[in-house]
Amino acid sequence: MILGIGVDAVSIDRVKKLSQRALEKMFSPSELEEYSKLEKAHEDVRSQFLASRFAVKEAYSKARGTGFNGLVIPNEITTAKEKDGRPYIILSGITLDNAPRAVIHLSLTHEQPLAIAMVVLESDDSGDSDGTL
């Protein structure tokens, strides 16, 4: 059963202006580490990385139906990649503690001028979930 769907689009150019403080507030330590490895990459590549990761955070909060409300915190939502490049979400902290028992499906893309993410939360079928968030 589908528990929630969220979609978000972020302007790639908008993230070029983020301060270090904003980066630390929005992105997890592992995302910031991956971003720092792009230090020598073209500015557009670095911006696409940040915009797509932020779109994932927004899409997840929309799938939850909560937005960023103190129980869903941006830097506790990490986008990681499987060996084959497929993205997935790792939750931590308060965000994990308050997450429904769900399988998280993620798709993301970027094409100037936007990065777009879609998140679907699906009941994990363990029998423990009553379908409510």
Side-chain angles (χ1 to χ4, degrees):
M1 176 168 83
I2 301 299
L3 301 176
I5 299 171
V7 177
D8 194 63
V10 174
S11 165
I12 293 169
D13 288 337
R14 188 175 117 205
V15 300
K16 291 179 182 178
K17 302 170 190 165
L18 294 176
S19 68
Q20 185 62 35
R21 183 174 181 267
L23 291 173
E24 291 169 2
K25 186 175 180 178
M26 287 191 252
F27 298 96
S28 71
S30 62
E31 288 172 323
L32 292 174
E33 181 180 328
E34 190 173 349
Y35 177 66
S36 71
K37 292 178 183 176
L38 297 173
E39 184 178 349
K40 295 182 182 180
H42 190 277
E43 179 185 30
D44 289 345
V45 171
R46 293 170 53 85
S47 298
Q48 288 170 356
F49 175 86
L50 291 177
S52 65
R53 282 6 183 222
F54 192 71
V56 169
K57 296 165 191 304
E58 287 278 1
Y60 176 79
S61 74
K62 290 174 181 179
R64 285 287 313 276
T66 61
F68 298 125
N69 65 352
L71 300 177
V72 176
I73 299 169
N75 66 9
E76 294 181 350
I77 303 166
T78 301
T79 303
K81 292 188 290 189
E82 298 283 357
K83 289 181 181 180
D84 64 4
R86 206 168 12 131
Y88 65 96
I89 291 175
I90 301 169
L91 303 175
S92 61
I94 293 169
T95 303
L96 175 60
D97 293 344
N98 291 287
R101 291 184 57 109
V103 177
I104 303 171
H105 301 278
L106 170 62
S107 181
L108 60 95
T109 188
H110 44 77
E111 178 76 31
Q112 191 68 331
L114 297 173
I116 300 169
M118 179 175 181
V119 171
V120 176
L121 301 178
E122 179 183 19
S123 171
D124 72 358
D125 294 328
S126 69
D128 294 336
S129 177
D130 64 3
T132 61
L133 294 175

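- Among all heavy-atom pairs drawn from Ala102 and Leu121, the shortest one is CB-CB, 4.2 Å.
- One distance of note links CG of Leu96 with CD1 of Ile89; it measures 12.5 Å at 0.5 Å rounding.
- Connectivity analysis of hydrophobic side chains (ILVMFWY, heavy atoms under 4.5 Å, direct or indirect) links Tyr88 to Ile90.
- Asn75 contributes atom CG, which lies 8.5 Å from atom CG of Leu32 (distance to the nearest 0.5 angstrom).
- Counting heavy atoms from C-beta on, the side chains of Glu39 and Arg46 come closer than 4.5 Å.
- Looking at residues two or more places apart in sequence or on another chain, you find no salt bridge (Lys or Arg N to Asp or Glu O under 4.0 Å) involving Lys17.
- Apart from Val7 itself, the hydrophobic cluster it occupies contains Ile2, Ile5, Leu114, Ile116, Met118, Val120, where clustering links Ile, Leu, Val, Met, Phe, Trp and Tyr at side-chain heavy-atom distances under 4.5 Å.
- Within the hydrophobic cluster formed by Ile, Leu, Val, Met, Phe, Trp and Tyr side chains joined at under 4.5 Å, directly or through other members, Ile73 is accompanied by Leu71, Ile94.
- Nearest heavy-atom pair, Phe54 versus Met26, reported as atom, atom and distance to 0.1 Å: CE1-SD, 3.3 Å.
- Partners of Arg86 according to the salt bridge (Lys or Arg N to Asp or Glu O under 4.0 Å) rule, which considers only residues two or more places apart in sequence or in another chain, are Asp84.
- Separation of atoms OG1 (Thr79) and OH (Tyr60) is listed at 12.0 Å; rounding is to 0.5 Å.
- Checked by atom type and distance alone, the side chain of Thr66 never pairs as donor or acceptor with a backbone atom of Asn69 at under 3.5 Å.
- Closest heavy-atom contact between Val72 and Gly67: CB-O, 3.6 Å.
- Scanning both residues, Ile12 and His110, for their nearest heavy atoms gives CD1-CB, 4.2 Å.
- Listed by chain and number, the residues in a salt bridge (Lys or Arg N to Asp or Glu O under 4.0 Å) with Asp97 amount to none (sequence neighbours excluded).
- Atoms CG and CD1, on Leu106 and Ile77 in that order, are 11.0 Å from each other to the nearest 0.5 Å.
- Listed by chain and residue number, nothing satisfies the side chain to side chain donor-acceptor pair (under 3.5 Å) test with Glu33 (two or more places apart in sequence, or in another chain).
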Trace of the side-chain contact (heavy atoms from CB on, under 4.5 Å) decision for Leu23 with Leu50: CA-CA 9 Å; Leu23 291 173; Leu50 291 177; 3.8 Å; yes
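- Interatomic distance, Lys81 NZ to Glu34 CD, rounded to the nearest 0.5 Å: 5.0 Å.
- For Ser52, there are no side chain to side chain donor-acceptor pair (under 3.5 Å) partners at least two apart in sequence or on another chain.
- For residues 1-12, the set of pairs meeting the salt bridge (Lys or Arg N to Asp or Glu O under 4.0 Å) definition, not counting sequence neighbours, comprises Asp8-Lys62.
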Run the side-chain contact (heavy atoms from CB on, under 4.5 Å) test on Ser61 and Arg64 for me, step by step, so that the C-alpha distance in whole Å, both residues' side-chain angles and the decisive distance to 0.1 Å come before the verdict. CA-CA 5 Å; Ser61 74; Arg64 285 287 313 276; 5.5 Å; no
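- Nearest heavy atoms, Ala51 versus Ser11: CB-O, 4.2 Å.
- Every residue two or more places apart in sequence or in another chain that forms a side chain to side chain donor-acceptor pair (under 3.5 Å) with Thr95 is listed here: Glu76.
- At most 12 heavy atoms of other shown residues, nucleotides or ligands fall within 6.0 angstrom of atom CD in Glu111.
- Under the side chain to side chain donor-acceptor pair (under 3.5 Å) criterion, Asp44 pairs with Lys16, sequence neighbours left out.
- When all heavy atoms of Ala115 and Ala55 are compared, the closest pair comes out as O-CB, 3.9 Å.
- Shown here are the salt bridge (Lys or Arg N to Asp or Glu O under 4.0 Å) partners of Glu43, two or more places apart in sequence or in another chain: there are none.
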